[in-house]
Structure formats: C-alpha cells, structure tokens
Number of protein chains: 2
Amino acid sequence: MNRESNMINDEQAVEIFKALSNQIRVNILQMLKEPNNNFSPQAHVIKEKGFDGGVCVSDIRSKVGLSQSTTSQYLSILLQSGLVEMKRIGQWTYYRRNEETIKQFEKYIGLKI
Amino acid sequence: MNRESNMINDEQAVEIFKALSNQIRVNILQMLKEPNNNFSPQAHVIKEKGFDGGVCVSDIRSKVGLSQSTTSQYLSILLQSGLVEMKRIGQWTYYRRNEETIKQFEKYIGLKI
DNA sequence: TTGATAATTTGCAATATCTCTATATTATTT
DNA sequence: AAATAATATAGAGATATTGCAAATTATCAA
C-alpha cells in the first residue's frame with residue numbers, strides 16, 4: 001500500500017491537537033504505551049485474541065479517576081482522532097494505541113509545523 | 001547551556017496542543033515558516049535589526065482574514081505557548097517562529113507521546 | 001500638541017468543552 | 001426471562017473558547 005496515502009492532513013492534525021489539548025487524555029495515551037506496567041496484573045490487558053495490549057474501559061477509568069461516562073467519552077475523542085483503536089470483545093471494549101496514526105502525526109509535525 | 005534543560009514538560013506540551021487546536025493558529029505558524037513567500041513584498045518582514053523573518057500583526061491579519069483583535073489574541077496564545085516570539089519595534093510588533101521550542105516540541109512528541 | 005497608525009485589552013454573545021448523574025444499550029449469566 | 005456487568009449516550013450546569021466591536025495604550029509625524 002502506498003505510504004503517502006497515510007499522511008494525515010491539516011484537518012486531521014487539528015483533531016489530534018484537540019484530543020491532546022487535555023492533560024488527562026494525554027495521560028491515557030501515555031499509559032497505553034506500556035499497558036503491563038501501568039495497569040494492575042488483574043486488569044483486562046489483552047494478550048491473545050489478536051488485539052495485544054488492549055485495555056478495557058473500566059481499568060482505564062480506575063487509573064484516571066474520572067467518572068465512567070467521562071472516561072468513555074474521552075476514549076471516544078481519542079478514537080475519533082485516530083490516536084487509538086478499539087475492539088469490542090463480549091461486554092468489554094478494549095482500547096489500545098494506534099501506532100500508525102501516531103507515527104504519521106509525528107511525521108506531520110516534522111514536515112508541516 | 002545544558003540541552004536537557006530545554007526539554008518541555010507535560011504541562012507546556014498541553015499548552016502547545018491547545019494553541020494548535022485551532023486551524024487558523026496552525027495556519028499562522030505555517031505562514032511564518034516562509035515569511036517572504038507568504039506575505040506581500042510590501043509587508044513588514046524584518047530583514048535587519050536582529051529579528052529576521054519577523055512579521056507585523058497587521059500583515060498577518062490581512063492574510064488570515066480575521067479581525068485585528070482576534071488576530072492579536074491568537075498571536076498572544078501562540079506566544080504564551082512558546083511557539084512564537086515577538087519584538088516590538090516602534091509602533092509595530094513583529095512575530096516570528098521560535099524554532100527552538102518547535103524543535104523541543106517535536107522531540108517531546110517522539111519521546112513522550 | 002494634535003492627529004494618525006499599530007497593537008493590546010476589555011466586554012460581549014455564541015458556541016464548545018468539561019464532567020457529572022441518570023438512563024439506555026449490549027452482552028453475559030442464571 | 002430476569003438479573004447483572006460493561007459501556008455508551010443523554011442531559012445539565014459550570015467553565016472555556018471563539019471572534020467581534022469598541023475602548024485604551026503606544027508610537028510616530030507634522
């Protein structure tokens with residue numbers, strides 16, 4: 001697949017800046033860098049099922065200390081921006097970083113900012 | 001001077017993300033990348049006086065199409081974040097990019113995001 | 001000193017964001 | 001089918017952002 005096609009545009013970049021213009025959302029993204037170090041051993045961190053490193057909403061919620069609904073909403077803002085991706089398995093929704101978007105975002109900063 | 005000391009922290013980074021969470025402010029920063037290409041020849045782009053590339057508020061205003069007061073306010077948000085620096089010469093205030101902060105911001109993205 | 005030009009600050013209305021509680025939805029278990 | 005658990009959505013009040021016009025401050029020129 002053509003690598004150029006992954007380059008994010010100005011509009012997407014502003015969406016990402018908005019997503020990151022909140023300390024707690026930045027914290028969430030940072031925590032998800034190392035799920036196994038940042039969440040308790042009994043947390044639902046996926047190791048199989050093809051979504052390695054995914055963490056469920058309630059485990060993220062207990063780390064950030066916000067209400068369940070705010071946590072859910074913040075995760076959907078991160079999802080909309082493309083910085084994370086999610087997969088629903090049973091009654092759980094697992095979120096993990098979308099490293100491809102993050103890489104393209106870094107590239108955007110270097111070239112366009 | 002110690003390079004480490006220039007590393008921006010999470011709080012500063014969020015300030016920068018806020019500053020960039022607006023398309024027009026991103027545009028201003030992008031325009032200031034190449035002042036001589038992006039502003040009319042008669043624009044007040046500094047070439048001497050030790051602030052090369054600085055552009056005055058009214059020239060920026062006529063490019064972005066916002067009111068004078070909004071333009072001024074947006075520039076002060078960019079200034080607060082550290083992404084630009086300013087110098088007043090006579091009745092004009094010249095703004096230019098702060099490449100050092102931008103470089104440290106890029107570094108932050110790569111290491112911390 | 002008076003008037004013109006440049007920029008900042010202030011005040012305002014419209015819209016957006018933050019964060020909560022309450023409720024709805026979806027999936028599991030009994 | 002009903003109870004339980006995880007997540008999402010709706011709605012509300014407080015706060016922040018957007019962008020303007022008008023007032024204020026600073027500088028220059030005559």
Side-chain angles (χ1 to χ4, degrees), chain A residues 11 14-29 32 35 39-40 42-46 49 51 54-81 83-96, chain B residues 11 14-29 32 35 39-40 42-46 49 51 54-81 83-96:
Chain A
E11 199 182 344
V14 170
E15 277 307 295
I16 292 175
F17 288 133
K18 280 185 189 169
L20 297 175
S21 70
N22 174 291
Q23 183 65 69
I24 293 166
R25 287 193 298 261
V26 171
N27 291 155
I28 292 173
L29 202 61
L32 291 176
F39 296 90
S40 64
Q42 60 269 36
H44 298 75
V45 179
I46 299 192
K49 301 207 191 193
F51 202 74
V55 183
C56 80
V57 179
S58 48
D59 291 325
I60 295 168
R61 176 194 126 58
S62 53
K63 284 291 284 188
V64 300
L66 291 177
S67 72
Q68 190 274 319
S69 67
T70 302
T71 306
S72 176
Q73 197 197 330
Y74 278 15
L75 285 167
S76 86
I77 289 169
L78 288 168
L79 183 64
Q80 273 301 112
S81 76
L83 288 168
V84 302
E85 50 196 355
M86 66 97 127
K87 181 175 193 170
R88 182 145 205 176
I89 297 176
Q91 72 245 64
W92 290 279
T93 308
Y94 296 90
Y95 285 87
R96 70 174 176 189
Chain B
E11 199 182 346
V14 169
E15 277 307 296
I16 292 176
F17 288 133
K18 279 186 190 168
L20 296 176
S21 69
N22 174 291
Q23 182 65 68
I24 294 167
R25 287 192 297 260
V26 171
N27 291 155
I28 292 173
L29 202 62
L32 292 175
F39 296 90
S40 63
Q42 62 268 36
H44 299 75
V45 179
I46 299 191
K49 302 206 191 194
F51 203 72
V55 182
C56 79
V57 179
S58 47
D59 290 325
I60 295 168
R61 176 197 125 58
S62 53
K63 284 291 285 186
V64 300
L66 290 177
S67 73
Q68 197 277 324
S69 66
T70 301
T71 305
S72 176
Q73 197 196 331
Y74 279 14
L75 285 167
S76 86
I77 289 169
L78 287 168
L79 183 64
Q80 273 301 112
S81 76
L83 289 168
V84 303
E85 50 196 355
M86 65 98 126
K87 180 173 194 172
R88 181 145 205 174
I89 298 176
Q91 72 242 70
W92 289 279
T93 307
Y94 296 90
Y95 285 88
R96 70 173 176 190

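What you see is a predicted model; the values in this text were computed from it and never measured. Protein chains get the first letters and strands the later ones, always in sequence-line order, with residue 1 at the start of each.
The side chain of A:Thr93 lies closest to D:dT7 when the candidates are D:dT7, C:dA7, C:dT17. Comparing C:dA6, D:dG19, D:dA8 by their closest approach to the side chain of B:Ser58 singles out C:dA6. With distances taken from any side-chain atom of A:Asn22 to the nucleotides D:dT18, D:dA8, C:dC18, the minimum falls on C:dC18. In the set D:dA10, C:dT19, C:dT10, the nucleotide with an atom closest to the side chain of B:Ser69 is C:dT10. Counting only heavy atoms from C-beta on, B:Trp92 has its side chain closest to C:dA7 among D:dT7, D:dC20, C:dA7. Out of C:dC18, D:dT27, D:dT7, the shortest distance to the side chain of A:Arg88 is found at D:dT7.
Between B:Lys63 and B:Asp59 there is no side-chain heavy-atom pair separated by less than 4.5 Å.
Taking side-chain N and O atoms only, B:Ser67 has a distance below 4.0 Å to OP1 or OP2 of D:dC20. In terms of phosphate contacts, B:Tyr74 brings no side-chain nitrogen or oxygen within less than 4.0 Å of OP1 or OP2 of C:dA7.
One interatomic measurement links the two molecules: CD1 of A:Ile89 to P of D:dA5, which rounds to 21 Å at whole-angstrom precision. Between A:Tyr94 atom OH and D:dA8 atom C1' there is a gap of 17 Å when expressed in whole angstrom units. Residue A:Phe17 contributes atom CZ, which lies 19 Å from atom C1' of C:dT17 at whole-angstrom precision. Protein atom NZ of B:Lys87 is 16 Å distant from nucleotide atom P of C:dA7, rounded to whole Å. Atom-to-atom, CD of B:Gln23 to P of C:dA16 comes out at 16 Å; the value is rounded to the nearest Å. As rounded to whole Å, 12 Å separates atom C1' of C:dT8 from atom CG of B:Leu79. Look at CD on B:Gln68: it is 18 Å from P on D:dT18, rounded to the nearest Å. Distance B:Ile60 CD1 to C:dA6 C1': 13 Å, rounded to the nearest Å.
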Side chain to side chain contact (heavy atoms under 4.5 Å, CB included) for A:Ile24 and A:Thr70? Distances and angles first, verdict last. CA-CA 11 Å; A:Ile24 293 166; A:Thr70 302; over 6 Å; no

Taking it one step at a time, do B:Leu32 and B:Ile28 satisfy side chain to side chain contact (heavy atoms under 4.5 Å, CB included)? CA-CA 6 Å; B:Leu32 292 175; B:Ile28 292 173; 4.1 Å; yes

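In this structure, A:Ser21 contributes its side chain and A:Lys18 its backbone to a donor-acceptor pair below 3.5 Å. Not one N or O on the side chain of B:Arg96 forms a donor-acceptor pair closer than 3.5 Å with the backbone of B:Val84.
Both A:Gln91 and A:Thr70 lie near DNA chain D, and the one whose nearest nucleotide falls closer to the 5' end is A:Gln91. Residue-to-nucleotide proximity on DNA chain D shows that, of B:Arg25 and A:Cys56, the 5′-proximal contact is made by A:Cys56. Toward the 5' end of DNA chain C, the nearer of the two residues A:Ile77 and B:Asp59, judged by each one's closest nucleotide, is B:Asp59.
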